[in-house]
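One-based numbering, in listed order, for ligands and for the atoms of each.
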Amino acid sequence: MIIQLKQDITERQKESLIKEVNEIGYKITEVKTQLGDYLVGIGKSDFDIRRIGQKEGIEDIHIVSDEYKLVSKKWKAKPTSIDLGDGVFIKDGDMAIMAGPCSIESEEQIRKVIQHLKDNNIKMMRGGVFKPRSSPYAFRGLGLDGLKLWYELAQEAGIKIVTEVMQVSQIEEMYPYVDIYQVGARNTQNFNLLDELGKVDKAVMIKRGISGTIEELLQSAEYVFSGGNEKLILCERGIRTYEKASRNTLDLNAVPILKAKSHLPVVVDPSHGIGIRAYVPQMALSGVMSGADGIIYETHEIPEKAYSDGQQTLDFAQSALLADQIRKTFAMRKTFALL
Ligand code: PEP
Ligand code: MN
């Protein structure tokens, strides 16, 4: 159950409400986000909602049978829109494009990517400064100094930054320089990290875990929301299956399912999803057709020289073509009544 509280609810009204709901058999967690105050109730669901619906201080009340509550569409049918400022949104009915290298490597590389993004009217740049690598000997990123440099150049160009946060201690130091914190697939169930991201007022994009279910992804988002941050984006980036011919199995089934279950925007990452450069464009376009609200992909001036994930990274010509085709495919999707 989710009880949305009125902004002007008094402490006494709230206490009385919690007492009554406890008596009915619900355990209550209070949640305060940038946008609202909620009581999330976990307990039996068979009671007459009218019993408390009339109490003072309640804006709205919903029974949500899903395991996750606040990210469920059952209480909030209106899709969540993420506003990054300067007219940049990630939202239902729109097509966000996020592109950039796997890793931030140098000032020159950042400048080149930014120029490429500007040339193609792409407003969000992805890139890692803290890189989770399977081998400890691989390039692990330029760190905070790299992020500061990137931020300066991105600011000048009016480009938003999407970058991975790997641990709790990085949240605060990164805060002034990021627009979207990315939670990587290896950290989707790092509940300490998710709890702490609940305390910041900045967008968070949560990638699906390497072997994570759709339900688990939604529960991870629930952690951040219940911690106080509603600015959430879900990302399908492929899961590990028995299939070895591709890096991961991009589960495009997840897109319509997530969109049906949750009010949060959904982004598809075809680069990590298939892991093979030549096939990234078709999976990106399939992602658009699956109903995604955005596509995130890797691009680099010379993919063969990229410090990480070069095998799945598009060069600028391929990226320019793809960005154009993403927009055309999205325009076509909008003409289909089904989607
Ligand atoms: C990345 O975006 O470069 C990355 C490491 O992604 P994931 O966490 O999905 O593997
Ligand atoms: Mn990568």
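Residue pairs meeting the ring-ring contact (aromatic ring centres under 6.0 Å, His included) criterion with at least one member in residues 168-197, sequence neighbours excluded, are Y151-Y177, F191-Y223.
Counting only protein N, O or S atoms, the number found under 2.8 Å from the Mn ion (ligand 2) is 4.
Look at E304 and R277 and you find a salt bridge, because one of the NZ, NE, NH1 or NH2 atoms lies within 4.0 Å of a carboxylate O, short of that distance. Taking a cutoff of 4.0 Å between a charged side-chain nitrogen and a carboxylate oxygen, K199 and E196 qualify as a salt bridge. With respect to K148 and E152, no salt bridge is recorded, no charged nitrogen being found less than 4.0 Å from a carboxylate O. For K69 and E222, the salt-bridge test fails: no basic side-chain N is under 4.0 Å from an acidic carboxylate O.
With no hydrogens or angles considered, no side-chain donor-acceptor pair links D309 and H300 at under 3.5 Å.
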Which N/O atoms of ligand 1 sit under 3.5 Å from a protein N/O, and at what distances?
unit_1: ligand 1; atom_1: 2 (O); unit_2: R126; atom_2: NH1; d: 2.7
unit_1: ligand 1; atom_1: 2 (O); unit_2: R126; atom_2: NH2; d: 3.3
unit_1: ligand 1; atom_1: 2 (O); unit_2: Q182; atom_2: NE2; d: 3.0
unit_1: ligand 1; atom_1: 2 (O); unit_2: K207; atom_2: NZ; d: 3.1
unit_1: ligand 1; atom_1: 3 (O); unit_2: R126; atom_2: NH2; d: 2.9
unit_1: ligand 1; atom_1: 3 (O); unit_2: K131; atom_2: NZ; d: 3.0
unit_1: ligand 1; atom_1: 3 (O); unit_2: H272; atom_2: NE2; d: 3.1
unit_1: ligand 1; atom_1: 3 (O); unit_2: E298; atom_2: OE2; d: 3.4
unit_1: ligand 1; atom_1: 6 (O); unit_2: K207; atom_2: NZ; d: 3.0
unit_1: ligand 1; atom_1: 8 (O); unit_2: A185; atom_2: N; d: 2.7
unit_1: ligand 1; atom_1: 9 (O); unit_2: K207; atom_2: NZ; d: 2.8
unit_1: ligand 1; atom_1: 9 (O); unit_2: R237; atom_2: NE; d: 2.7
unit_1: ligand 1; atom_1: 9 (O); unit_2: R237; atom_2: NH2; d: 3.4
unit_1: ligand 1; atom_1: 10 (O); unit_2: R186; atom_2: NH1; d: 2.9
unit_1: ligand 1; atom_1: 10 (O); unit_2: R237; atom_2: NH2; d: 2.8

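Annotation: ring pair (Phe, Tyr, Trp, His ring centres under 6.0 Å) contacts of F130 (sequence neighbours excluded): none.
Heavy-atom neighbours of E56 CD from other residues, nucleotides or ligands within 6.0 Å: at or below the threshold of 12. The 12-atom threshold is not exceeded at OH of Y279, counting heavy atoms of other residues, nucleotides or ligands nearer than 6.0 Å.
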